[in-house]
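All heavy atoms count here, side chains included; hydrogens, waters and symmetry mates do not. Note that the structure is predicted; figures quoted are calculated from it, not measured.
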Amino acid sequence: MEEIIKDMERYAEANNVPIIEKDSIIFIAKYIKMNGVKKILELGTAIGYSAILMALASEDVEITTIERDEKKYREAVKNVNRSGLDKRIEIVFNDALDVNLAGYKYDLIFIDAAKGQYIKFFEKFENYLNPGGIIITDNLKFHGLVKNKDKIESKNVKGLVTKIEKYIEFLKDNDEFVTRFYDIGDGLSVSFRKNDENVKNID
Ligand code: SAH
Ligand code: MG
């Protein structure tokens, strides 16, 4: 397994795939274990790196992960098969905003797809949360750029950063969810329903 993970890290580096940072996966794995998480939904599989590491956190975990890019999807299928975790990781090749998951509920939803669509993802997928479930969002610092907006030259990148800032405001102002922000990895948030506040084992 070590070797498979190392290979994925090398592939990500060589192909500019933004995989999750070590500290973030340690944080999520700890949450999975401490809270008996069983069902996970991930938006943005990329090459399957975070899905595989979340599945390794506990044998009880089953993951559905969604990827819209065909090349990445294929790479993820290859990696998940090679890891032998294909019984516990289901990869869906589609746009997350087009997927219909009616009838399914998750203990943990990990938002890690297009950074410009975070609010849309949250609004759609909060409906798929089990009681006591949480939504974790990655890359809220967007590689450190959220704090250094003035220095960004690309209009596109600046636009994305503005959207991430709006998402952070959206979370802070949300009437239904409480969100905690963590300076871990590239910036993580953990959101849970207000009435669940006392049952969460986060840090
Ligand atoms: N979770 C991965 C990294 C994901 S990178 C890891 O940490 O290992 C973000 C991925 O989201 C990219 O592969 C991109 O193709 C995918 N993506 C972006 N928007 C999407 C959407 N609307 N639906 C499905 N996948 C999307
Ligand atoms: Mg990420």
Side-chain angles (χ1 to χ4, degrees), residues 20-21 23-46 48-68 76 80 85 87-92 94-115 117-140 164 167-203:
I20 194 164
E21 294 194 22
D23 290 347
S24 306
I25 201 73
I26 291 169
F27 177 90
I28 296 173
K30 194 170 153 201
Y31 179 86
I32 290 172
K33 286 183 211 149
M34 287 177 74
N35 294 277
V37 167
K38 293 198 172 62
K39 300 279 184 196
I40 299 179
L41 174 67
E42 175 180 68
L43 314 184
T45 317
Y49 182 75
S50 51
I52 287 173
L53 289 173
M54 288 193 286
L56 291 174
S58 156
E59 296 205 338
D60 296 330
V61 158
E62 282 181 355
I63 304 178
T64 297
T65 178
I66 309 174
E67 175 56 54
R68 70 176 175 189
V80 166
L85 292 165
K87 293 229 157 52
R88 295 201 285 124
I89 301 177
E90 179 193 15
I91 313 174
V92 177
N94 203 343
D95 193 301
L97 293 172
D98 295 333
V99 170
N100 182 354
L101 295 170
Y104 291 92
K105 295 274 179 188
Y106 301 89
D107 306 313
L108 167 57
I109 297 177
F110 181 46
I111 302 183
D112 196 23
K115 314 305 165 204
Q117 293 180 304
Y118 274 179
I119 295 181
K120 276 194 196 155
F121 292 141
F122 193 100
E123 286 179 331
K124 171 172 178 175
F125 291 100
E126 63 172 52
N127 302 306
Y128 296 104
L129 214 48
N130 265 330
I134 63 165
I135 298 179
I136 296 184
T137 309
D138 193 25
N139 304 104
L140 293 179
I164 293 175
Y167 180 65
I168 292 169
E169 287 313 306
F170 162 86
L171 292 175
K172 286 182 179 164
D173 294 343
N174 198 299
D175 290 333
E176 214 185 319
F177 284 81
V178 180
T179 297
R180 296 190 190 153
F181 296 90
Y182 294 86
D183 196 6
I184 295 174
D186 194 30
L188 280 183
S189 65
V190 175
S191 309
F192 47 92
R193 286 216 158 78
K194 278 189 175 154
N195 50 353
D196 289 336
E197 184 143 22
N198 297 322
V199 298
K200 290 274 75 81
N201 224 331
I202 296 177
D203 35 21

Give the minimum heavy-atom separation between Tyr118 and Ala113, together with the two atoms involved.
CE2-O, 3.5 Å
Got a sec: does the CD of Glu176 have more than 12 other heavy atoms crowding it under 6.0 Å?
yes
Between Arg68 and Ala96, is there a donor-acceptor pair closer than 3.5 Å when you use the side chain of the first and the backbone of the second?
no
Might you work through the side chain to side chain contact (heavy atoms under 4.5 Å, CB included) test for Ile28 and Leu53, ending with a clear yes or no?
CA-CA 10 Å; Ile28 296 173; Leu53 289 173; over 6 Å; no
For a quick test of reading the model, state the closest non-hydrogen atom pair linking Thr65 to Gly44 and the distance between them.
OG1-C, 4.4 Å
Could you tell me which non-hydrogen atom of Ala51 sits nearest to which non-hydrogen atom of Ile89, and how far apart they are?
O-CD1, 3.7 Å
Mind checking the CG-CD spacing from Asp112 to Glu67? Nearest 0.5 Å is all I need.
10.0 Å
Is a side-chain donor or acceptor of Lys33 paired with a backbone partner of Tyr31 at a separation under 3.5 angstrom?
no
Please lay out, stage by stage, how Asp138 and Leu188 fare under the test side chain to side chain contact (heavy atoms under 4.5 Å, CB included).
CA-CA 5 Å; Asp138 193 25; Leu188 280 183; 3.6 Å; yes
Of the non-hydrogen atoms in Asn139 and Ile164, which two are nearest, and what is the gap between them?
O-CD1, 3.8 Å
Lys39 side chain vs Tyr104 backbone, donor-acceptor pair below 3.5 Å:
no
What are the two closest non-hydrogen atoms of Leu129 and Ile134, and how far apart are they?
CD1-O, 3.5 Å
Side chains of Tyr106 and Ile40: does their closest heavy-atom pair fall under 4.5 Å?
no
Between the side chain of Tyr167 and the main-chain N/O of Gln117, is any donor-acceptor distance below 3.5 Å?
no
For the pair Lys124 (side chain) and Leu97 (backbone), establish whether a donor and an acceptor sit closer than 3.5 Å, ignoring hydrogens and angles.
yes
To the closest 0.5 Å, what do you measure between CZ (Phe121) and CD1 (Ile66)?
9.0 Å
Would you say Thr179 and Val190 make side-chain contact, with heavy atoms under 4.5 Å?
no
So which pairs with a foot in residues 97-111 pass salt bridge (Lys or Arg N to Asp or Glu O under 4.0 Å), sequence neighbours left out?
none
Atom CG of Leu43 and atom OG1 of Thr64: how far apart are they, to the nearest 0.5 Å?
10.5 Å
Ser24 meets the side chain to side chain donor-acceptor pair (under 3.5 Å) criterion, sequence neighbours left out, with none
Is a side-chain N or O of Asn35 found less than 3.5 angstrom from the main chain of Val37, in a donor-acceptor match?
no
Evaluation steps, side chain to side chain contact (heavy atoms under 4.5 Å, CB included), between Tyr49 and Ile25:
CA-CA 10 Å; Tyr49 182 75; Ile25 201 73; 5.8 Å; no
In this structure, OG1 of Thr137 is separated from CZ of Phe110 (nearest 0.5 Å) by 8.5 Å
Rounded to the nearest 0.5 Å, what's the gap from NZ on Lys194 to CG on Asn174? Could you check?
7.5 Å
My understanding is that only residues two or more places apart in sequence, or in another chain, count here; which of them pass ring pair (Phe, Tyr, Trp, His ring centres under 6.0 Å) with Phe122?
Phe170, Phe177
Straight-line distance of Glu90 CD to Thr45 OG1, nearest 0.5 Å:
10.5 Å
Worked check of salt bridge (Lys or Arg N to Asp or Glu O under 4.0 Å) between Glu62 and Lys38
CA-CA 6 Å; Glu62 282 181 355; Lys38 293 198 172 62; over 6 Å; no
Shortest non-hydrogen separation from Ile63 to Ala55 and the atoms involved
CD1-N, 3.6 Å
